[in-house]
2 protein chains.
Amino acid sequence: MHFCFKSSNSNKLTNCRLVLDLLPAKNGEEPTIQFLLEVVDILTNYVKKTFDRSTKVLDFHHPHQLLEGMEGFNLELSDQPESLEQILVDCRDTLKYGVRTGHPRFFNQLSSGLDIIGLAGEWLTSTANTNMFTYEIAPVFVLMEQLTLKKMREMIGWPGGEGDGLFSPGGAISNMYSVMIARYKYFPEVKTKGMSAAPRLVLFTSEHSHYSIKKAGAALGFGTENVILLSTDERGRVIPADLEAKIIDAKQKGYMPLFVNATAGSTVYGAFDPINEIADICEKYNLWLHVDGAWGGGLLMSRQHRHKLSGVERANSVTWNPHKMMGVPLQCSAILVREKGILAGCNSMCAGYLFQPDKQYDVTYDTGDKAIQCGRHVDIFKFWLMWKAKGTIGFEQHIDKCLDLSQYLYNKIKNREGYEMVFDGPQHTNVCFWYIPPSLRGMPDGDERREKLHRVAPKIKAMMMESGTTMVGYQPQGTKVNFFRMVVSNSAATQSDIDFLIDEIERLGHDL
Amino acid sequence: MHFCFKSSNSNKLTNCRLVLDLLPAKNGEEPTIQFLLEVVDILTNYVKKTFDRSTKVLDFHHPHQLLEGMEGFNLELSDQPESLEQILVDCRDTLKYGVRTGHPRFFNQLSSGLDIIGLAGEWLTSTANTNMFTYEIAPVFVLMEQLTLKKMREMIGWPGGEGDGLFSPGGAISNMYSVMIARYKYFPEVKTKGMSAAPRLVLFTSEHSHYSIKKAGAALGFGTENVILLSTDERGRVIPADLEAKIIDAKQKGYMPLFVNATAGSTVYGAFDPINEIADICEKYNLWLHVDGAWGGGLLMSRQHRHKLSGVERANSVTWNPHKMMGVPLQCSAILVREKGILAGCNSMCAGYLFQPDKQYDVTYDTGDKAIQCGRHVDIFKFWLMWKAKGTIGFEQHIDKCLDLSQYLYNKIKNREGYEMVFDGPQHTNVCFWYIPPSLRGMPDGDERREKLHRVAPKIKAMMMESGTTMVGYQPQGTKVNFFRMVVSNSAATQSDIDFLIDEIERLGHDL
């Protein structure tokens, strides 16, 4: 150790290195590099252990336990500085009590894994510490964003990769953009006059779609009642006839249908709505078609699986989160728009202090006025760097492998005793199932069984978290009681990890 | 060098390390650590040089130059993977052609500097690679956010630090939250029924305020015409009587005043609106008072300067960006709300798949349903760690020092030949001035002089960027032609850097 400890019963720092010794302090170079290398040592050890299956996924503590303070780790902030040694301890403890989302047995979220190139990209991004709003202060990143978005539009299938887009802070915001742009396309006067300048506008989205469409409806002034939910088939896909019926119904009521969201990879079922059939209806009724491919967009990189998004090239806008299926570190979400110029038309306010027209370079490269954000974090570099390092084929291999793994899981439990599938024939890596403990296996279907079964997944999940061995999500859906939703997006996961998960569910759930 | 080069005229990789050799590859530990350490070596060299005044702030290239490709640096993405060696070159070149926002002579934006603790915090954050929406996957970060927001509310002066809040992706989004919450407070039915459920609502904000209030007006369905701009005095502060007159005018027209934004530290002038007087008017007319302290909020940490925000405790909501005046790496912006529960009331959609009520821990710690985002980047850790390392007094010292430096600049140029101040008596670190080249000094005021003067700042700025020695912003404001806006938030800046800036402006501008 190169830094001293702060004595625990005093705020006095004796002979201790403090933040004041680091750069920009005079002679701060050496302690700065030394400190950063100590941090990197902590981080690389964490990385190594994360990939080691003998390490736990998490060391669970309740909020009150962490708030009361663990040994040597106190979350409270104080007026006086801590020593750098204590800062290193804080770093270690922060990781210790966190969750290893890169662990091969972490299956809890759509985003998982820890890509080393992506990680290096994030370290560089934070060292560059700049902002995407102008070419002036982010020349390289602005161009990387432009080129990468063009590649993504080419993969969508828009001619020549033409169009527009932005990286935004997550799929919910990307979806919000799509609704804003649709409104601007059909009712540009809403920008200046507000919603009263438009008739009663309605949006359509699947009952299985992400809640961000509804959130956008609430935030943007449509109202959630004007977000019409569409019925789905047994695999969670929108029924096109239901869309058309609801459009006709809305029109008969005097409302104005504006926007349809087709989900490419729903959150729970991983369902792909039939985009072509939905696009036909959108064309017939002159509606904006958005494809929410936050989760499923990555499949466009796979020659084997991209047919699931067939018709996506007919969309007016697409959400696609590389931070989900493509394993890019959080956050990395793109909103892609087919029509050029409309993003700026919708959002520009021409703030003179930021976007001066009389700069010495071509200011059409400045992106800030297209965004609803002012400052915008650099989310592109890690993704660009991963694409360089893997190539398109590397992403394809990753995606194919994850889908193969989930197929392995599906085949393994489909006919296994104690399992019931929520739906058959998964389209994405989502495999949804109930584990039926022996005590419920003979029980006839009915309220009692349903109530008991509803409690099984939460109980197993709680024990899983206490033991820290693996993590998988659960939820109810509609009238269906709590079931497990397994997803695979982690490049570290193997068949043995799938086997482990199933063994663990059975070990923990057997006596329930 | 530990990795080999890819031959430039072939896509074949011979004996080259590829991303496939890194973790999770079998035996990937050693190459992974080696690769990360090589990246860290690039980054720490960059950090050292950034603080070295003999290094340029930037090495400017036009977009077409970077797009055509510099030697060994090609932005295009391809189907095939690059070698790890090329990835390291790409990292080096990305930094080489970027802008050193941490350089002691980078004064271009409100966010500048490179805090070493903050940087370490970001490296850890990206290694942890998790998401703020649930305690389940971000237990430590969620608690850090809660405690830090409470500290910030205490500094605002809300009793017991009570209230609510979130870190959001930038001040524009934080301001957007404030408008959404205000609308929900007075017209909760807009959430379900849309803007047609409310009368014509109007928002008030200074003509000098940040454009995000207008953007929020456009996005949320109010319309920019319903964002009423308030007149300001010669120092850019809202004139309270103008607010009251415009409220009365709006009411007489049958509109419903809803929301007033008072700016604490405007973007260009650094003006602090008189919050107490504005709060009196808000109370009288029952309006929501938001304080946009994105830039000026940091002054709350300084006993000497916090009086500039006097009355902030009367606000219903406050935006405060630690990534600006407090030197926290990008991004770190908080929206703070006095009334508990209203943030969730406004935004919750109760998505069952994410926010299960039957978890084993106290789910009131889950934050996701308060946000308009679903995934939310961990912006808290770097800030928390900096607060630990500096203590409150460390932030205070940083802020006092920056304000002293800008006072030094102001005193230096106030009566210096060739300078005209845009306004006297700056409140924040913003010092706004025209440099008058000798050729314009004798010229009488009039259109010709104005037109010539308007071109001076862009010309100097262009030469500054070409020579790469320093960077400072300029813009017009209202009827005022282009002037320089100097701001100080970089802890590395000293009086000698201020002197350098002035010398450089005179060197570059003397013969214009």
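Residue numbering restarts at 1 for every chain, and letters A, B, ... go by the order of the sequence lines.
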Side chain to side chain contact (heavy atoms under 4.5 Å, CB included) assessment of A/Val140 paired with B/Leu75
CA-CA 9 Å; A/Val140 183; B/Leu75 294 171; 4.2 Å; yes
In sequence, state the C-alpha distance, the side-chain angles, and the governing distance for B/Thr130 and A/Val99, and then conclude on side chain to side chain contact (heavy atoms under 4.5 Å, CB included).
CA-CA 8 Å; B/Thr130 194; A/Val99 176; 5.6 Å; no
Any donor and acceptor pair, going by atom type alone, linking the side chain of [X] with main-chain N or O of [Y] inside 3.5 Å?
X: A/Glu122; Y: B/Thr127; answer: no
X: B/Asn129; Y: A/Leu330; answer: yes
X: A/Lys388; Y: B/Glu76; answer: yes
X: A/Gln373; Y: B/Ala172; answer: no
X: B/Arg183; Y: A/Ala219; answer: yes
X: B/Gln475; Y: A/Gln356; answer: no
X: A/Lys48; Y: B/Glu29; answer: no

Side chain / backbone / both / neither for [X] at chain A, heavy atoms under 4.5 Å:
X: B/Thr494; value: neither
X: B/Tyr97; value: both
X: B/Leu37; value: side chain

The test is side chain to side chain contact (heavy atoms under 4.5 Å, CB included); show your working for A/Ile117 and B/Leu22 and say whether it passes.
CA-CA 9 Å; A/Ile117 301 289; B/Leu22 302 181; 3.8 Å; yes
Is it the backbone or the side chain of [X] that comes under 4.5 Å from a heavy atom of chain B, or both, or neither?
X: A/Lys151; result: side chain
X: A/Ser168; result: neither
X: A/Asn482; result: side chain
X: A/Ala371; result: backbone
X: A/Thr44; result: both
X: A/Thr94; result: both
X: A/Leu110; result: neither

A/Asn108 and B/Ile137: CA distance, side-chain angles, deciding distance, side chain to side chain contact (heavy atoms under 4.5 Å, CB included) verdict
CA-CA 8 Å; A/Asn108 210 61; B/Ile137 63 160; 3.6 Å; yes
Of all heavy-atom pairs between [X] and [Y], which one has the smallest distance, and what is that distance?
X: B/Ile372; Y: A/Met176; answer: CD1-CE, 4.1 Å
X: B/Met349; Y: A/Tyr211; answer: CB-CD1, 4.1 Å
X: A/Leu385; Y: B/Cys91; answer: CD2-SG, 3.9 Å
X: A/Pro169; Y: B/Pro169; answer: CG-CG, 3.5 Å
X: A/Pro139; Y: B/Gly98; answer: CG-CA, 4.3 Å
X: A/Leu95; Y: B/Ala128; answer: CD2-CB, 4.2 Å

Between [options], which shows the greatest number of heavy-atom pairs under 4.5 Å with chain B?
options: A/Gly170, A/Ser112, A/Ala120; answer: A/Ala120
options: A/Leu66, A/Leu220, A/Asp79, A/Asn226; answer: A/Asp79
options: A/Leu124, A/Val39, A/Val19; answer: A/Leu124
options: A/Val378, A/Leu20, A/Thr148, A/Leu23; answer: A/Leu23
options: A/Arg376, A/His323, A/Lys382, A/Arg200; answer: A/Arg376

A side-chain contact here means heavy atoms from C-beta on lying under 4.5 Å apart; do A/Leu119 and B/Ser126 qualify?
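Heavy-atom side-chain distance check passes, below 4.5 Å.
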Does A/Lys461 form a salt bridge (charged side-chain N to carboxylate O under 4.0 Å, His left out) with B/Glu136? I'd like the steps, not just the answer.
CA-CA 11 Å; A/Lys461 174 70 177 275; B/Glu136 182 169 328; 2.5 Å; yes
Tell me whether the rings of B/Tyr361 and A/Phe60 are parallel (<30°), tilted (30 to 60°) or perpendicular (>60°).
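Rings of B/Tyr361 and A/Phe60: tilted, as their planes differ by 30° to 60°.
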Among B/Trp123, B/Tyr46, B/Phe35, which residue satisfies the ring-ring contact (aromatic ring centres under 6.0 Å, His included) criterion with A/Trp123?
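Exactly one candidate clears the test, B/Trp123.
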